Amino acid sequence: MNLRDDWRFRGLVQQATDDAVLDRLSAGGVTAYIGFDPTASSLHLGSLLQINLLRRLQLAGNRPIALAGGGTGLIGDPSFKDVERPLLSLEQLRANVEGIRAQLGRFLDFSPGAGSTQALLLNNADWLTTVPLTEFLRDVGKHVTVNQMMAKESVKTRLDRDDVGLSFTEFAYSLLQAYDFVRLNLDHGCTLQLGGSDQWGNITIGTDLVRKMTGHVVDGITSPLLLRADGQKFGKSEGGNERVWLDATLTSPFALHQFLLNAEDATTPALLRFFTFLDHATILELDGATRTAPQKRQAQRAIANAVVELVHGGDAARQAERAGEALFAESIHDLDEATLLDVVADAPSSTWSKSELDVGVEAATLLVRCGLASSRAEARRFLEQGGVYVNNVRVDATTRVDGSAALHGRYLLVRRGRRQLHLVVVA
RNA sequence: GGGCCGGUGCCCGAGCGGCCAAUGGGAUCUGGCUGUAAACCAGACGGCUUUGCCUACGGGGGUUCAAAUCCCUCCCGGCCCA
């Protein structure tokens, strides 16, 4: 199975400047890059598609370059954004780039042993923050017309609006990204840029600029954006606006596993193809399982296990799966102490003195102190709506919680809604 | 620098002196149904020591018994002109 056929099967290519570039990737020896925005200290689940592209092409014998946008991050990509983005501080960016650097090692082989396919991690701050403005405008800006930049779909949305503008700073962003490609081409022989389909405009400005400045013909490929059935972007946590992160301290392996397990049926074919390295036969089989026995959620299980294993390792994947089963399929009262602690390992916890629980705690107070409600008013609301459970038993506003129901004499598992957990340990 | 328009709760957006914690939509949350889905249905959605009180409609000041609503001023955004 060569890369071309695999990528076709998985539907990883949305647009390409030249169809033959897939053949070149299949043959190996190409140097290709993807830029990552250092807007946070961790990559998020949505980036996994891009990270996997680099991993896939490295496995096929090419050299991947992960480019951290330490320089472009100072500006902020306006593509398809409807408002100006807040600027990040230099220190913040530096910290974020470090965080991302640490994560990528899990997915790409950066060791010298990889030879000509050894992955590189570069930071465009290294050249963007040092190039003199006048030089940049003469050598780079001369090659790009404002007309063509304004014609890009990605900035049109902003130009057409009458309530917000587009600052010159953000407008100039794509020029910086294009210049990255020039540097990578000259310094590292990079001939291909990949990205999400929202990057098509930026990428083609880059390929044009490289040709004009160096005479080298280079290419661009975009991958489809992963969307939910309702058209929303994929990767925000269960309902909330919280992103699903790849950093275990921001999104626990259990939470990541649960998130993927809950993926709606319609997105599983895409998730299988974009996020996993399962072989084609297995993927087709799981597609079929979703159609014939959706309630078993075999595809979701396979995705959750594969992704957690890829991101956090096999042990984490197995533990997350076991925890989910214990929490949702078995009675919590039947769990032995070790398993119980395992199950709630990811959940926040607090230690309470035996004496204060002996008196009994008002349910609303309990919720606020556990951080499951942000105010007493909200806590009362949850209680009235029947969304609060202690040890999987629903409680109401009149309940005074005491230690008598504690599991193994010392654990109270407080739950709000479907899956917001907090463990109270009685000491 | 000049002219015009605008800044309302997480977002969009009504309100334009009292009946306003502020219509509506979206997002979110909780419950129901279900497959720990989606869709759908119902409810909630500033806070508190909750028959009431406090804080809020860009900031500050003022008029008034009473202001998100009127006046002054400052800040911010958009459009047009220079």
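We name chains A, B, ... by the order of the sequence lines, and we start the count at 1 in each one. Because the structure is predicted, anything quoted here is derived from the model rather than measured.
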(request) Could you pick out which residue, A:Arg297 or A:Tyr389, lies toward the 5' side of RNA chain B when each is mapped onto its nearest nucleotide? (result) A:Tyr389

(request) Would you mind reading off the distance between A:Gln258 atom CD and B:U36 atom P, rounded to a whole angstrom? (result) 11 Å

(request) Only counting residues at least two apart or in another chain, list the ones meeting side chain to side chain donor-acceptor pair (under 3.5 Å) with A:Thr292. (result) none

(message) On RNA chain B, compare the nucleotides closest to A:Gly324 and A:Arg376; which residue's is nearer the 5' end?
(response) A:Gly324

(message) I'd like to check the side chain to side chain donor-acceptor pair (under 3.5 Å) partners of A:Gln258; sequence neighbours left out, ordered by chain and number.
(response) none

(request) Quick one: list whatever passes ring-ring contact (aromatic ring centres under 6.0 Å, His included) with A:Phe136, sequence neighbours left out. (result) A:Tyr179

(request) Go through RNA chain B and write down every stem, that is, every run of at least three consecutive Watson-Crick or G-U wobble pairs with distances under 3.5 Å, as range with range. (result) B:1-7 with B:75-81, B:10-12 with B:24-26, B:28-32 with B:40-44, B:46-48 with B:52-54, B:58-62 with B:70-74

(request) Please state the P separation for the pair B:C53 and B:G2 - nearest whole angstrom. (result) 47 Å

(message) Working note: A:Arg10 + A:Asp279, criterion salt bridge (charged side-chain N to carboxylate O under 4.0 Å, His left out); need CA distance, chi angles, decisive distance, verdict.
(response) CA-CA 10 Å; A:Arg10 293 177 186 273; A:Asp279 62 70; over 6 Å; no

(message) Distance check, P atoms only: B:A67 and B:C57, in whole angstrom units.
(response) 12 Å

(request) Measure the shortest side-chain to side-chain distance between A:Leu271 and A:Gln300 over non-hydrogen atoms and say whether it is less than 4.5 angstrom. (result) no

(request) Just jot down the side chain to side chain contact (heavy atoms under 4.5 Å, CB included) partners of A:Val395, sequence neighbours excluded, or say none. (result) A:Leu383, A:Val388, A:Val390, A:Thr399

(message) I want to check something: taking the side chain as every heavy atom from C-beta on, are A:Leu327 and A:Phe254 in contact at a cut-off of under 4.5 Å?
(response) yes

(request) Taking atom C1' in both B:C76 and B:C33, compute the distance separating them and give it to the nearest angstrom. (result) 49 Å

(request) Nearest whole angstrom, please: distance from the C1' of B:C29 to the CD of A:Glu384. (result) 14 Å

(request) Send over the distance from A:Lys296 NZ to B:U36 P, rounded to a whole Å. (result) 14 Å

(request) Check the distance between B:A37's P and A:Arg418's CZ and give it to me in whole angstrom. (result) 6 Å

(request) Give the nucleotide from the list B:A37, B:G35, B:U36 with an atom nearest to the side chain of A:Glu264. (result) B:A37

Sub-3.5 Å pairs of nitrogen or oxygen atoms, protein against nucleotides 40-46 of chain B:
unit_1, atom_1, unit_2, atom_2, d
B:G43, N2, A:Gln385, OE1, 2.9
B:A44, O4', A:Gln385, OE1, 3.4
B:A44, O2', A:Arg381, NE, 3.2

(request) Figure out the CG/P separation between A:Leu372 and B:U30, and round it to whole Å. (result) 11 Å

(message) When the C1' atoms of B:A14 and B:C20 are compared, how many Å lie between them, rounded to an integer?
(response) 12 Å

(request) May I have the distance from A:Ile303 (atom CD1) to B:A37 (atom P), rounded to whole angstrom? (result) 16 Å

(request) Describe the nucleic acid contact of A:Arg394 in one word from base, sugar-phosphate, nothing, applying a heavy-atom distance below 4.0 Å. (result) sugar-phosphate

(message) Starting the side chain at C-beta, find the nucleotide from B:G35, B:U30, B:G47 nearest to A:Glu378.
(response) B:G47

(request) Sort and list the pairs that fulfil ring-ring contact (aromatic ring centres under 6.0 Å, His included) and have at least one residue in residues 381-427 of chain A, not counting sequence neighbours. (result) none

(request) Report the residues that fulfil side chain to side chain donor-acceptor pair (under 3.5 Å) with A:Lys152, sequence neighbours left out, ordered by chain and then residue number. (result) A:Thr204

Which donor-acceptor pairs under 3.5 Å do side chains of residues 309-319 of chain A form with protein atoms, sequence neighbours excluded?
unit_1, atom_1, unit_2, atom_2, d
A:Asp315, OD1, A:Arg318, NH2, 3.0
A:Gln319, NE2, A:Asp342, O, 3.4

(message) Tell me every residue that passes ring-ring contact (aromatic ring centres under 6.0 Å, His included) with A:Phe36, counting only those two or more places apart in sequence or in another chain.
(response) none

(request) Measure from CG on A:Leu421 to P on B:U36 and round the result to the nearest Å. (result) 16 Å

(request) With sequence neighbours left out, write down each residue that passes side chain to side chain donor-acceptor pair (under 3.5 Å) with A:Gln14, or none if nothing qualifies. (result) none

(message) What is the separation between atom CG on A:Leu261 and atom P on B:A37, rounded to the nearest whole Å?
(response) 9 Å

(request) Between B:U69 and B:U63, how far apart are the P atoms? Round to whole Å, please. (result) 15 Å

(message) I'd like the P distance from B:C4 over to B:C54, given in whole Å.
(response) 40 Å

(message) Please verify the inter-ring angle class for A:Tyr33 with A:Phe181; under 30° counts as parallel, over 60° as perpendicular, anything in between as tilted.
(response) perpendicular

(request) Please list, by residue number, the residues of residues 309-318 of chain A whose heavy atoms come closer than 4.0 Å to an atom of RNA chain B; answer none if no residue qualifies. (result) none

